[in-house]
Student: 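Starting off with a structure, shown below.
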Protein chains: 2
Amino acid sequence: MGRRPTLKTIAEEVGVTVSAVSLALRDDPRISVATRERIQRSAATLGYVYNRHAAGLRRGDSGTVAVCLNDLSNPFFTEFLGHMEARFREAGRMMLFGHANESLDVQAQFIRQMVEHGAAGLILIPVAGTRRDDIAGERARHLENFPVVLISRDVEQTPYDRVINDDALGVQLLFDHLYGLGHRRFVWLGGGKETSTARDRERAFIEAMRAAGLSVDDETIHHGPTSLAFGDTMLERLLGTGEPPTAVLCFSDVIAFGVLAACYRHGLRPGVDLSVTGFDDMGAAAYSSPALTSVRVRTDRIGQRASELLGARMAGDRRPPERVVMPPELVVRDSSGPAPVTRR
Amino acid sequence: MGRRPTLKTIAEEVGVTVSAVSLALRDDPRISVATRERIQRSAATLGYVYNRHAAGLRRGDSGTVAVCLNDLSNPFFTEFLGHMEARFREAGRMMLFGHANESLDVQAQFIRQMVEHGAAGLILIPVAGTRRDDIAGERARHLENFPVVLISRDVEQTPYDRVINDDALGVQLLFDHLYGLGHRRFVWLGGGKETSTARDRERAFIEAMRAAGLSVDDETIHHGPTSLAFGDTMLERLLGTGEPPTAVLCFSDVIAFGVLAACYRHGLRPGVDLSVTGFDDMGAAAYSSPALTSVRVRTDRIGQRASELLGARMAGDRRPPERVVMPPELVVRDSSGPAPVTRR
DNA sequence: TCATGACGATCGCAAATTTCT
DNA sequence: CAGAAATTTGCGATCGTCATG
């Protein structure tokens, strides 16, 4: 048996022209109902499959949207994926998906390929360390006039829409909550210098500390990867300190889960002996032992707003780039409680 | 500035033919080094972007591979994604990604679109309830002669390669472990009738019970969704029973985490008062409170073998479909321990 | 005039074919 | 006549224009 049937195959079968078949399959009213049905029936029996390369070449648009993710192993980011994918599917667009795995090179390669594939737009959660020159200007000519929306992480000086969480507010909410519970010895765990989220949250933490008249030194802030292992080993280390903290604020839920694991092994009761907070409020935060106090980042709203913005850009919107900052919500659960009074 | 530059634009700039440019950009030796460099330089300054629709139309292959996932919210499945994506990128193929969200309709829609996009092959984790007719035969003509590899979940009577975990062995390992610790009152939590994994694991559990001379009744097996919430509420319900189990075998780690959460709230010590086991051994299993005894499904090996098989099929391999069953490994941690003797 | 559908050009690239030195 | 270079053809769908009853 030969190759795949094409419009021509159907046209010959039915005895009409190729263009008539094309129109009929798209339910164009210029073709009478009778012939349309004959054509569609023939297409079905022949096992016709639409060729998007041909259509894309002719039309210049492939009907796809590209999404490039920094890290799949963190469920927080896959939450975005779920929200976006649903919205694009509703809009009849397929999602071209890339996983950059926190590598700048892979990210660059992906973005280029997606443009080559004729994606109509790009949603990007930039990998750590992404700077303006990586995604705009000389080294990214292919992104000129290309619709791009950044989510979750901001990259400054970029001519793109951005939809991000209000990280400063989130930290403020957590700090106020813990301070109100009487905590004075704080530690900040995680983050780094390579993402806007890490920088913004740390800065907000430092400002909150200063505003409360508390000093920040080398023992107060510990950078590290967003992993369970980091939270776990860091708490181990803190327990060896002369004066352990009473409250541990983690850059992310994932890190906080690691901290809880270490607490468990040491017989420390989170929320009683030590308060632990996360950030993101991913689904699992309600089911840790104990349930985690966190800040809910509205991945749903961020995803929704981002797809709206991208949709508008793809439709030709030329207004100056917008920077949307989505407010998070404090979620108090059992991993935070009054500062212990017996220790000092 | 008009449209995107094409090969023709470059050809006119440099003063050669379109085909020369085409060859030069692909580093074909038929073009002398000197002109090749002139051409590539011109392409760079013009901001030329390769048009994969045109190339794909001409060549009949788009260089993409499709992956259709059942459920993104379960990190176990995204582990596959990570492994596959890495391997395909190494092979120079882009990944077209679809998220079926456990919906048969969405899955069907995706598969069709992916074929339309000229994907060279498809890796599929079928959604729950997928049967032969959904992905082969009359209702899926477009998959005739199309390379497909099923992973994780089997669909019987399908003419495709399959790479799955040895679920019966996994359950056997867990059961023997717990039985050896003295447990006699077991409960099975999760699964259902709609996936091969759920059926195989449940069947293996029943067989193990029978072989051990233990009876299986309505109180022994509880089907339900693979979610934290299910594990949580089911344990609540079991605690209300007259004679609670001493060992809870969960269909998946996710469910087990939910069980651990409920244990925590009730002051039950997993591994002491009650033994809890998961299945999959996803990354988080080592960091729950307490660390979870589970069975490690080798997502890495399954992913690797699946991409190898798909690669061979895409290269024209016509041997009969293969069914690869990957052995899992028991991982004993702290959520399982000797059966309590004080209770009965 | 209107509804229906035929016709041919075209998208950008790559492979086959022809022409040149 | 070999080898390099230029030319032509065609992938499969879409769109604008034109023809027919």
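Here is the naming used below: chain letters follow the sequence lines, and residue numbers restart at 1 for every chain.
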Student: Tell me the interatomic distance from Leu46(A), atom CG, to dG12(D), atom P, rounded to whole angstroms.
Tutor: 14 Å

Student: Tell me which residues in residues 52-64 of chain B put a heavy atom below 4.0 Å from DNA chain D, sorted by number, or none.
Tutor: Leu57(B), Arg58(B)

Student: Measure the angle between the two terminal helix axes of the helix from dC2(C)-dG21(D) to dT21(C)-dA2(D), five base pairs each, and quote it to 10°.
Tutor: 50°

Student: Above 12 or not: heavy atoms from other molecules or residues under 6.0 Å from CZ of Arg132(B)?
Tutor: yes

Student: In terms of side-chain geometry, is the basic nitrogen of Arg59(B) or Asp61(B) positioned less than 4.0 Å from the acidic oxygen of its partner?
Tutor: no

Student: What residues form a side-chain hydrogen bond (donor to acceptor under 3.5 Å, both in side chains) with Thr299(A), not counting sequence neighbours?
Tutor: Glu79(A), His83(A)

Student: Could you tell me how far apart Leu7(B) (CG) and dA15(C) (C1') are, to the nearest whole angstrom?
Tutor: 14 Å

Student: Applying ring-ring contact (aromatic ring centres under 6.0 Å, His included), which residue pairs with at least one partner in residues 111-151 of chain B are found, sequence neighbours left out?
Tutor: none

Student: Looking at residues at least two apart in the chain, or sitting in another chain, which of them share a side-chain hydrogen bond (donor to acceptor under 3.5 Å, both in side chains) with His53(A)?
Tutor: His53(B)

Student: Using a heavy-atom distance cut-off of less than 4.0 Å, which residues of residues 9-19 of chain B contact DNA chain C?
Tutor: Ser19(B)

Student: Output side-chain donor-acceptor pairs under 3.5 Å for residues 305-316 of chain A, partner residues at least two apart or in another chain, one line each.
Tutor:
| residue | atom | partner | partner atom | Å |
| --- | --- | --- | --- | --- |
| Arg305(A) | NH1 | Glu308(A) | OE1 | 2.9 |
| Arg305(A) | NH2 | Glu322(A) | OE2 | 3.4 |
| Ser307(A) | OG | Gly303(A) | O | 2.6 |
| Ser307(A) | OG | Gln304(A) | O | 3.1 |
| Glu308(A) | OE2 | Gln304(A) | NE2 | 3.2 |
| Arg313(A) | NE | Asp161(A) | OD2 | 2.6 |
| Arg313(A) | NH1 | Asp317(A) | O | 3.2 |
| Arg313(A) | NH1 | Arg319(A) | O | 2.6 |
| Arg313(A) | NH2 | Asp161(A) | OD1 | 2.9 |
| Arg313(A) | NH2 | Asp161(A) | OD2 | 3.3 |
| Arg313(A) | NH2 | Arg319(A) | O | 3.2 |
| Arg313(A) | NH2 | Pro320(A) | O | 3.3 |

Student: With sequence neighbours left out, what residues match Thr130(B) under side-chain hydrogen bond (donor to acceptor under 3.5 Å, both in side chains)?
Tutor: Gln107(B)

Student: Starting at CG of Leu23(B) and ending at C1' of dA16(C), how long is that distance when rounded to a whole Å?
Tutor: 12 Å

Student: Apply salt bridge (Lys or Arg N to Asp or Glu O under 4.0 Å) to the pair Arg139(A) and Asp133(A), showing each step before the final yes or no.
Tutor: CA-CA 6 Å; Arg139(A) 283 179 42 205; Asp133(A) 288 352; 5.5 Å; no

Student: Show every ring-ring contact (aromatic ring centres under 6.0 Å, His included) that has at least one partner inside residues 57-79 of chain A, sequence neighbours left out.
Tutor: Phe76(A)-Phe80(A)

Student: Determine whether the side chains of Ser22(A) and Arg26(A) contain a donor N or O and an acceptor N or O closer than 3.5 Å.
Tutor: yes

Student: How close or far is atom P of dC11(D) from atom CZ of Arg4(A), stated in whole angstroms?
Tutor: 15 Å

Student: Given atom CD1 of Ile39(A) and atom C1' of dT4(C), what is their separation to the nearest angstrom?
Tutor: 11 Å

Student: Ser22(A) side chain N/O closer than 4.0 Å to the phosphate oxygens (OP1, OP2) of dA13(D)?
Tutor: no

Student: What residues in residues 26-35 of chain A put a non-hydrogen atom under 4.0 Å from any atom of DNA chain C?
Tutor: Pro29(A), Arg30(A), Ile31(A), Ser32(A), Thr35(A)

Student: Kindly write out the residues that satisfy side-chain hydrogen bond (donor to acceptor under 3.5 Å, both in side chains) with Asp105(A), not counting sequence neighbours, or none if the list is empty.
Tutor: none

Student: Taking only residues two or more places apart in sequence or in another chain, which ones pass side chain to side chain contact (heavy atoms under 4.5 Å, CB included) with Ser42(B)?
Tutor: Ile10(B), Glu13(B), Val14(B), Leu46(B)

Student: Would the distance check show the side chain of Ser152(B) and the main-chain N or O of Ile125(B) forming a donor-acceptor pair, the cut-off being under 3.5 Å?
Tutor: no

